[in-house]
Student: 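The structure is given below, and queries will be raised subsequently.
First listed ligand is number 1; within each ligand, the first listed atom is number 1. Values reported hereafter were calculated over all heavy atoms of this structure, with side chains retained and with hydrogens, waters and symmetry mates removed. Position 1 is the first residue of the sequence; numbering continues from there.
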Amino acid sequence: MTERGIIIGGEVLPGTERVMRDEGAWWSWDDPADRPDLKRRPNGDATVLAYHWTGGPFRGGRDAGAILVAAMRGRKRADGSDMSVSVHFGIGADGAIFQFVDLAIATLHIGSALNARSVSCEIMWPGTATNAAAIAKQLRSKGRVVHPAYDSKAEMRTARGAAVRCVPPTAAQLEAVVALGEMLAALPPETGVVIPRQLCTKGPPTRRRGAMEHQHASGAKLDCAGYATDALVAAGWAR
Ligand SMILES: [Zn+2]
């Protein structure tokens, strides 16, 4: 059954009914089997909102969230062991926003120190043009429906200072990126989620505040090639 509203500390936040939750697509600290995928928040607020692209299919519909969670739970390391990974929110191709973890618990999505200080969101979108072409080809070979977004014109973007050919997210996804950012930036400070309406400051994890993309963390990831942060700036978030 689908429920509505962002949950933090077991409480549903008023004014966030757009966000959907599904009992079958939820990581819970109360479930010992889920704990390796999660992290307790240390003292201090969550001050960062970090966006990712999944690098997977454009998924839409009510089941998109549950399918994303199942895929993340099934991820393995090269040696076959379970990968510890989780995410607070997912955005479907049609702009649906799903929550998968209580915001009082941290997720494992970006790099150890930032995990404890951040709220995470995966956008269900192939990202690179190479990924999009490969996924569309596979879907067509199986005779499956192919979302029109796969055929959007590829664009050259810059991520980590390098040129990368991307297929853009859907307009509905970019609208949802902004909508989620605005909901989180509006949370009262007593929730412990204190995300200013700005792009993330640089510096050590405990000093970072605002919205960022995975490419802005240490490491080699390119997501989201500026699409999420550009949408926030266009909506009035400070650079
Ligand atoms: Zn990422």
Student: Quick check: of its N, O or S atoms, which one does His52 have closest to the Zn ion (ligand 1)?
Tutor: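 It is ND1 of His52.
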Student: I need the Leu114 CG to Met212 CE distance, nearest 0.5 Å.
Tutor: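 CE of Met212 is found 5.0 Å from CG of Leu114.
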Student: Give the ring-plane orientation class for His147 versus Tyr150, where under 30° counts as parallel, over 60° as perpendicular and anything between as tilted.
Tutor: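 Aromatic pair His147/Tyr150 classed perpendicular.
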Student: Evaluate whether atom CD of Gln138 has more than 12 neighbouring non-hydrogen atoms of other residues, nucleotides or ligands under 6.0 angstrom away.
Tutor: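 No, because the 6.0 Å sphere around CD of Gln138 holds 12 heavy atoms or fewer from other groups.
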Student: Of the backbone and side-chain N, O or S atoms of Asp223, does one lie nearer to the Zn ion (ligand 1) than 2.8 Å?
Tutor: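 Yes, since at least one N, O or S atom of Asp223 sits under 2.8 Å from the Zn ion (ligand 1).
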Student: What's the atom name of the N, O or S in His214 nearest to the Zn ion (ligand 1)?
Tutor: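 Going through the N, O and S atoms of His214 one by one, ND1 ends up nearest to the Zn ion (ligand 1).
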Student: Could you tell me whether the Zn ion (ligand 1) has an N, O or S atom of His109 under 2.8 Å away?
Tutor: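 Not a single backbone or side-chain N, O or S atom of His109 is under 2.8 Å from the Zn ion (ligand 1).
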Student: Under a 4.0 Å threshold between the charged nitrogen and the carboxylate oxygen, would Asp102 count as salt-bridged to Arg41?
Tutor: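 Salt bridge absent between Arg41 and Asp102.
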